[in-house]
Trainee: 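First the structure, then my questions, so here it is.
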Amino acid sequence: MKALILNSGLGSRMGSLTSEHPKCMTQIIDGSDETILSRQLKLIAETDIKEVVITTGYYDEVLVEYCQSLKTGLDLTFVKNPVYDKTNYIYSIYCAREYLDDDIILMHGDLVFESEVFDMLMASPVSCMTVSSVLPLPQKDFKARIDGGMVMKVGVDIFDNAMEAQALYKLKKDDWKVWLNKIVEFCESGRTGVYAENALNELNGAANIAALDVKKLLCSEIDDKDDLAVVKARLKELEERTVYMCFSSDIIHGGHIAIIKKAQRLGKLMIGVLSDEAVASYKRMPLVPASERRIMFENIAGVYRVVEQNRLSYKEVLEEYKPSIVVHGDDWCTGFQKPIRDEVVSILASYGGRLVEYPYSSDPKYEQIDARTRSDLAMPDIRRGRLKRMLDAKGLITAMEAHDGLTGLIVENTVVYQDGGAHQFDAMWISSLCDSTAKGKPDIELVDMTSRFRTIEDITEVTTKPIIFDGDTGGKTEHFVYTVRSLERLGVSMVIIEDKTGLKKNSLFGTEVEQTQDSIENFSEKIRAGKKAQRTKEFMICARIESLILERGMEDALERAFAFVAAGADAIMIHSRKKDPSEILEFIDRFRKRDKITPIVLVPTSFNSIKEEEWKEYGANIIIYANQLMRAEVPAMRKAAETILRDHRAEECDKMLMPFKDIIRMIPAEV
Ligand code: SPV
Ligand code: MG
C-alpha cells in the first residue's frame, strides 16, 4: 500500500501564510514544528506504509527540501505538476499515475485528522472515504451522497442524502484502478480543471467506495486562516485529553507495547495497574506484585501517569480522574467482563467521555508467553510463596478441598461472575478426611505420608493454586521435621498440625470418641522443631487448637494459641463442631485483642452461616471449605449406581450425568 498526498496547489486563500512555502507547510501547533504535512507523514510512518508519493507544484523545491529534512524514514517520491497553476489536482494525479499501481491512501495536502480517524481508515477492509454523519453540511466544501453505506457521488453542490465529506480515502487496488482510468480519460480529453471526484462521479458507484463515518473526530481541511484557528484549537484539546488503560499482566510484551503506543496517540496516557487482590479475584495471584508492576509502567516512555485500580470495576478511577477516553480490547464486549464494560460506558456517558476499543487479537507468540507464565506458577518455588503474598494482598483467602487431580482441577478452574466481579477459590486444602475417604479408609492417620504426598503430586501436576496440607497431628516430632521438608519440596505453602496425640480421630466426632490433646510443651516443641527444619522462608506451619472440640474451654484454647505463636507458629487454626459460631467469634475477638497479626484459620463446616466478608471483618484470614466436594460427589455417585441397579441399564441414569464429551473436554490435553 502506498500513500498519495496532493500538494501541488497554490493555497491562495491562506494569504501571507503561503507566501514563502506551500500550504501543507503551515504550522498547526503553536510552539512546535508540527505542520500539516509533518503530521500526515508521522501518522503514515506509524503504519505499514513505506512509500509515499507527493505531488508538488507551488514552491516545489522548498517542499522537497522540507520533506527531506523531516527524516520520516519513508520512501518519498515527488512528482511535479508542471502546470499546477492552470490545472486542478486531477492533473497532478494524472502526472503521478505510473507510481500508483497499488492500494492507495489518498489525501489532500491541507487535511488535518486525528490518529483515530487514520486508524479507522487503515483498519477498513474495503475502499472508503471519510464522511461525518453529525457535522453540518458545509456550503462550499465537499459533501458525499450516500446510498446503502456507499459513496455514490462527491462534490460541493450535493445536498440531498448527503454528508459532510473529506478527501481522505482508502482505495483498494481494483477500485482505484477504475477511478484512475477515468482520471486518465478526463485528463487526456482536456478536462484538467475539475476535481478528481468529477471522474469518480461518472463511475456511478462502480468503484465501490464505502462511507467511513468519523462522526465528530477531527478530520478537517484548512482553506483559510479561520480554518487554521479552529484546527489549532482542536489539536490543543486533543493534546490535553487523558486516555486511560488498565493492565493486569505480570509482564509487558510487544503486544502490550503496540497497544500502549496506539493509545498514546489519543492523548496523555494514564495507566491503571490492577491491584493484586483484584487480579487474584478473576485470574490468579500475579507473579509480580502491584508495586513492581507500577514501576514497570512508570518507566515506559510516554506514559504520563500510573495509578492503582483496586477493583475490576473502573468506577472509582473514572470518577476520580475523569479520563476523556478509556481504551480496551473488544474482547470484553461479551463474557464476564461485559457488566464491567457496561458500567464504563455509562460512567463515560455521564461526563462526555468516550470508549475506544481495539480489535482483540491473540498472537500465538504472546499466548505462548502467557502459557509459560501459567506453567511457572505450578513450579514448587513459585507456588509455595503465593499463599503468603495472597494473604497479605487480600486479608482473607479461601481454600477448597481437593483430594485428587480431578477435584484439583475443579478448585483451580471454577469461577463465578457476580456483581461485576469474579470469584474463585484462592487455594486448595488437602484434607486428611477426604484423602482417607477417597481411599476408603478412616481418618485416623492410617493413610501414610508417602501416600498423602502422592495425592499432593496428583494435584500439583494439573494445577497452579497454592496448597494447604492437613498434616493431622504431624506425627512424632522426629518424623514431622522430615514431613516439613518434603512438603516444602512439593511446593506446599502451609501445613496445619493439630494439638492431639495418640490415635487421632476426626474432630467432628468431638467427645463422642476418645481423643487425647497434646500438652502445650510437647506441641510447642514440635512447632519449634518444624520451624527449625524448614528451609524456605515462605513455608508456614499453622497450629490447630482442639480445645473447643474436646470441650476444654475458651481459656485453654487461648492459652494454647498464644503459646503456639510464641513457639513460632505462623498461623492459628481454631476449630469447633458447633452449629452456632459464637465460641469461634469469642475466640477471634479475644485473640485479636492481643495479637493483631497472626493469621487465623477457620474450617466452618458446622458453623457455616457466616459469609466470607463478615469473617474478614471479625478478623479471620483463611476460610477452608474442608469436605464439600467429597460430600457432593458421594450422593451423586450413589444415586447413579442405584438407578442403574434398579433399571438394569444405564439409559435412565443418563439424564443425571454430564455429557460424555464434556468430561473429555474438561481435562486439558496438555498442561
Ligand atoms: C479435615 O478436613 O480432614 C480436617 C477438618 O481435619 S475436620 O474434618 O473438620 O476435622
Ligand atoms: Mg483432618
Side-chain angles (χ1 to χ4, degrees), residues 398-404 407-408 410-411 425 427-449 451-453 455-456 459 467-475 479-480 483 487 492-518 523 526 540-552 557 560 564 569 571-581 583-584 587 600-610 615 620 622-634:
T398 58
M400 169 53 95
E401 168 280 294
H403 52 266
D404 52 18
T407 41
I410 289 176
V411 184
F425 297 109
M428 293 178 281
W429 164 243
I430 305 196
S431 147
S432 68
L433 171 69
C434 300
D435 201 0
S436 308
T437 307
K439 296 172 171 64
K441 303 234 168 98
D443 180 19
I444 53 170
E445 297 189 85
L446 172 65
V447 178
D448 64 47
M449 267 308 159
S451 168
R452 305 276 325 269
F453 292 164
T455 305
I456 296 177
I459 293 170
I467 291 173
I468 304 174
F469 181 72
D470 178 357
D472 286 319
T473 64
H479 296 176
F480 181 56
T483 306
L487 291 173
V492 169
S493 304
M494 177 190 270
V495 62
I496 302 187
I497 48 170
E498 56 195 276
D499 58 353
K500 286 202 294 234
T501 189
L503 181 63
K504 183 222 89 147
K505 307 255 173 67
N506 186 275
S507 299
L508 300 178
F509 285 125
T511 49
E512 291 161 32
V513 293
E514 207 181 300
Q515 304 205 59
T516 317
Q517 202 171 12
D518 202 356
F523 198 67
K526 199 181 282 183
M540 290 192 271
I541 297 180
C542 172
R544 163 172 166 173
I545 297 156
E546 294 284 292
S547 305
L548 303 181
I549 293 281
L550 301 172
E551 296 176 9
R552 299 277 160 79
R560 283 168 177 269
F564 298 156
I572 289 294
M573 174 182 153
I574 182 69
H575 207 13
S576 161
R577 64 180 191 129
K578 296 208 172 117
K579 181 94 189 126
D580 178 356
E583 62 179 6
I584 292 287
F587 176 91
I600 296 181
V601 183
L602 301 177
V603 177
T605 305
S606 317
F607 47 99
N608 53 13
S609 58
I610 294 183
W615 281 127
I622 301 183
I623 301 297
I624 296 178
Y625 297 100
N627 46 48
Q628 284 74 9
L629 294 189
M630 168 138 285
R631 283 161 62 204
E633 73 183 1
V634 171

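Ligands are counted one by one from 1 in listed order, and the atoms in each one are counted from 1 as well. Start at 1 with the first residue, then count along the sequence.
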Trainee: So which bit of N506 gets within less than 4.0 Å of ligand 1, heavy atoms only: side chain, backbone, both or neither?
Mentor: side chain

Trainee: Please lay out, stage by stage, how D518 and T501 fare under the test side chain to side chain donor-acceptor pair (under 3.5 Å).
Mentor: CA-CA 5 Å; D518 202 356; T501 189; 4.6 Å; no

Trainee: For F469 and F453, take the angle between the two ring planes, folded into 0 to 90°, and tell me which bin it lands in: parallel under 30, tilted 30 to 60, perpendicular over 60.
Mentor: tilted

Trainee: Is there a nitrogen or oxygen of N627 sitting under 3.5 Å from a nitrogen or oxygen of ligand 1?
Mentor: no

Trainee: Going by atom types only, do E546 and S507 share a side-chain donor-acceptor pair under 3.5 Å?
Mentor: yes

Trainee: Taking 4.0 angstrom as the limit and counting only heavy atoms of S507, give me the atoms of ligand 1 inside it, by number and element.
Mentor: 10 (O)

Trainee: Tell me, do D499 and F564 make a side-chain contact under 4.5 Å, heavy atoms counted?
Mentor: yes

Trainee: Side chains of I496 and V601, heavy atoms from C-beta outward: is any pair under 4.5 Å?
Mentor: yes

Trainee: Side chains of S451 and D448 only: does a donor on one sit below 3.5 Å from an acceptor on the other?
Mentor: no

Trainee: Determine, using heavy atoms of R544 and all atoms of ligand 1, whether some pair is separated by less than 4.0 Å.
Mentor: yes

Trainee: Is E401 touching ligand 1 with its side chain, its backbone, both, or neither, if touching means heavy atoms under 4.0 Å apart?
Mentor: neither

Trainee: Any N or O of E498 that comes nearer than 3.5 Å to an N or O of ligand 1?
Mentor: no

Trainee: Does the side chain of E583 pick up a donor-acceptor pair with the side chain of S576 at under 3.5 Å?
Mentor: yes

Trainee: Identify which protein N/O/S atoms are less than 2.8 Å from the Mg ion (ligand 2).
Mentor: S432 OG, D470 OD2

Trainee: Can you pull out the closest protein heavy atom to atom 4 (C) of ligand 1? Residue, atom name and distance to 0.1 Å, please.
Mentor: D470 OD2, 3.4 Å

Trainee: Which of the atoms in ligand 1, numbered in the order shown and given with their element, are less than 4.0 Å from a heavy-atom of A626?
Mentor: 2 (O)

Trainee: Using only heavy-atom distances, determine whether the side chains of S547 and Q517 contain a donor-acceptor pair under 3.5 Å.
Mentor: yes

Trainee: Go through the side-chain N and O atoms of K439 and T455 and say whether any donor and acceptor fall under 3.5 Å apart.
Mentor: yes

Trainee: Has ligand 1 got any nitrogen or oxygen that is less than 3.5 angstrom from a nitrogen or oxygen of T605?
Mentor: no

Trainee: Check whether any side-chain heavy atom of I541 lies under 4.5 Å from a side-chain heavy atom of M494, and answer yes or no.
Mentor: no

Trainee: Which of the numbered atoms in ligand 1 are below 4.0 angstrom from a heavy atom of L508?
Mentor: 9 (O)

Trainee: Measure the shortest side-chain to side-chain distance between D472 and E498 over non-hydrogen atoms and say whether it is less than 4.5 angstrom.
Mentor: yes

Trainee: When you check the side-chain N and O atoms of Q515 and K505, is any donor under 3.5 Å from an acceptor?
Mentor: no

Trainee: So, using ring pair (Phe, Tyr, Trp, His ring centres under 6.0 Å) as the criterion, who are the partners of F587 when residues are at least two apart?
Mentor: F591

Trainee: Can an N or O of L433 be found at a distance shorter than 3.5 Å from an N or O of ligand 1?
Mentor: yes

Trainee: Is the closest heavy atom of R577 to ligand 1 under 4.0 Å?
Mentor: no

Trainee: Could you tell me the residue and atom name of the protein heavy atom closest to atom 9 (O) of ligand 1, and the distance to it rounded to 0.1 Å?
Mentor: H575 NE2, 2.7 Å

Trainee: Tell me: protein heavy atom nearest atom 2 (O) of ligand 1, and distance?
Mentor: S431 OG, 2.8 Å

